[in-house]
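Remarks on the structure that follows.
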Number of protein chains: 2
Amino acid sequence: MRSAAAEDLIFHALADPSRRAIFESLVRGELAVKDLTARFDISQPAVSQHLATLRNAGLVSGRSEGRCIYYRVEPKGLKPLADWLSHYRAFWTDRLGRLDALLEKLEDP
Amino acid sequence: MRSAAAEDLIFHALADPSRRAIFESLVRGELAVKDLTARFDISQPAVSQHLATLRNAGLVSGRSEGRCIYYRVEPKGLKPLADWLSHYRAFWTDRLGRLDALLEKLEDP
DNA sequence: CCAAGCCATAAGCATGCGCTTATATCTCAG
DNA sequence: CTGAGATATAAGCGCATGCTTATGGCTTGG
């Protein structure tokens with residue numbers, strides 16, 4: 001009926017350890033597919049498929065330059081996850097203020 | 001050598017929409033397995049299996065009372081997820097700051 | 001004591017997922 | 001133009017996953 005929510009795609013994308021590792025690698029800066037293929041012991045198509053899943057979830061984006069495609073983390077990609085998590089702020093106590101401040105900054109452009 | 005076992009279990013547990021719905025139902029208060037079985041159109045064993053996954057991830061806990069077992073959200077269960085998310089706080093603020101600067105530059109030449 | 005309610009586990013089944021190899025596309029070097 | 005590098009897509013293969021029905025262990029009401 002209703003199309004899959006952003007939370008579905010994001011949780012599913014981050015549920016896989018390889019995909020989370022790729023995402024965390026991209027946090028430090030842009031990387032081409034060949035770079036990711038070199039540092040993870042999986043084949044290049046596997047990397048491309050993981051990147052497609054992450055991109056479909058809005059977590060990363062690709063920039064084509066010559067023969068290479070450089071991927072980077074999408075800054076607002078984790079916002080739905082932060083929103084979902086903030087809904088349960090009554091259940092934890094620490095780091096809450098900083099997270100709330102961040103959420104407000106994200107919501108108020 | 002950072003152990004990512006907790007994140008694995010939590011992301012995997014919350015990746016399934018049924019499990020997330022069960023978790024969100026328990027946020028409002030304790031519910032027995034029979035209550036969850038009544039409100040979701042899946043069988044009772046399916047509910048129990050989802051609860052086992054959530055419990056194994058540290059997200060919920062069960063309290064036995066008579067013939068029923070009441071489940072509730074574990075307050076500190078989402079902390080690893082919040083920690084993982086807050087790890088990118090610097091990245092977010094930095095990127096968004098640069099994005100804001102770029103937007104201002106575009107709007108006000 | 002006993003029948004019934006509540007729950008967890010087991011077994012089976014269909015589907016999804018992550019990985020592989022093979023191949024097509026696109027770009028640049030020569 | 002030709003060949004090589006970089007990437008995406010396709011097809012296939014195990015394996016995990018989510019669901020079902022069936023069953024057994026507890027607990028309580030009568």
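Fair warning: this is a prediction, and the values are worked out from it, not measured in the lab. First the proteins, then the strands, lettered A, B, ... as listed; each starts at 1.
Nucleotide C:dC17 holds its P atom 11 Å from the CG atom of A:Asp8, rounded to whole Å. Atom CG of A:Leu54 is separated from atom C1' of C:dG18 by 13 Å (rounded to the nearest Å). Rounding to whole angstrom units, NE2 of residue B:His50 and C1' of D:dG18 are separated by 6 Å. Residue B:Ile22 contributes atom CD1, which lies 8 Å from atom P of D:dC19 at whole-angstrom precision. Put simply, CD on A:Glu65 is 13 Å from C1' on D:dA6, counting in whole angstrom units. For the pair A:Arg63 CZ and D:dT7 C1', the computed distance is 15 Å after rounding to whole Å. Here the P atom of nucleotide D:dC26 and the OH atom of B:Tyr70 are 21 Å apart, to the nearest Å. Between the P atom of D:dG18 and the CG atom of B:Leu14 lies a distance of 12 Å, rounded to the nearest Å.
Taking side-chain N and O atoms only, B:Ser43 has no distance below 4.0 Å to OP1 or OP2 of D:dC19. OP1 or OP2 of C:dC19 has at least one side-chain nitrogen or oxygen of A:Ser18 nearer than 4.0 Å. For the OP1/OP2 pair of C:dA8 and a distance below 4.0 Å, the side-chain nitrogens and oxygens of B:Tyr71 include at least one atom meeting the criterion. Of the side-chain N and O atoms in A:Arg67, none sit less than 4.0 angstrom from OP1 or OP2 of C:dA29. Look at A:His12 and you'll find a side-chain N or O under 4.0 angstrom from OP1 or OP2 of C:dC17.
Contact annotation: the side chain of A:Leu51 never approaches that of A:Ile69 to less than 4.5 Å [non-hydrogen atoms, C-beta and beyond]. When side chains are defined from C-beta on, B:Trp84 counts as touching A:Leu81, because their heavy atoms get closer than 4.5 Å. Residues B:Ile42 and B:His50 have side chains in contact (heavy-atom distance under 4.5 Å, counting atoms from C-beta outward).
Comparing D:dC19, D:dT7, C:dC6 against the side chain of A:Ala32 picks out D:dT7 as the nearest. Minimum atom distance to the side chain of A:Lys34 is reached by D:dT7, of the listed D:dT7, C:dT20, C:dC7. Closest to the side chain of A:Arg19, from the set D:dC19, C:dG18, C:dA8, is C:dG18. Across D:dT9, C:dA8, C:dC19, the shortest atom-to-atom separation from the side chain of B:Ile69 is found for C:dA8. Side-chain proximity of A:Asp16 to D:dT7, C:dG18, C:dC7: nearest is C:dG18.
Between the side chain of B:Gln49 and the base of C:dA8, no donor-acceptor pair of N or O atoms lies under 3.5 Å. A donor-acceptor contact under 3.5 Å is formed by the side chain of B:Gln44 with the base of C:dA8.
Mapping A:Asp41 and B:Leu51 onto DNA chain C by nearest heavy atom places B:Leu51 closer to the 5' end of the strand. Sequence order on DNA chain C of the closest nucleotides to B:Ala52 and A:Ala15 puts B:Ala52 first from the 5' end.
Within the 3.5 Å criterion, the main-chain N or O of A:Asp83 finds a donor-acceptor partner in the side chain of A:Ser86. Put simply, the side chain of A:Arg19 never gets that close to the backbone of A:Leu14: no donor and acceptor are under 3.5 Å apart.
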request  = Evaluate the side-chain contact (heavy atoms from CB on, under 4.5 Å) criterion for residues A:His12 and A:Thr53: first the C-alpha distance (whole Å), next the side-chain angles of each, then the deciding distance (0.1 Å), finally the verdict.
outcome  = CA-CA 9 Å; A:His12 173 260; A:Thr53 300; 4.2 Å; yes

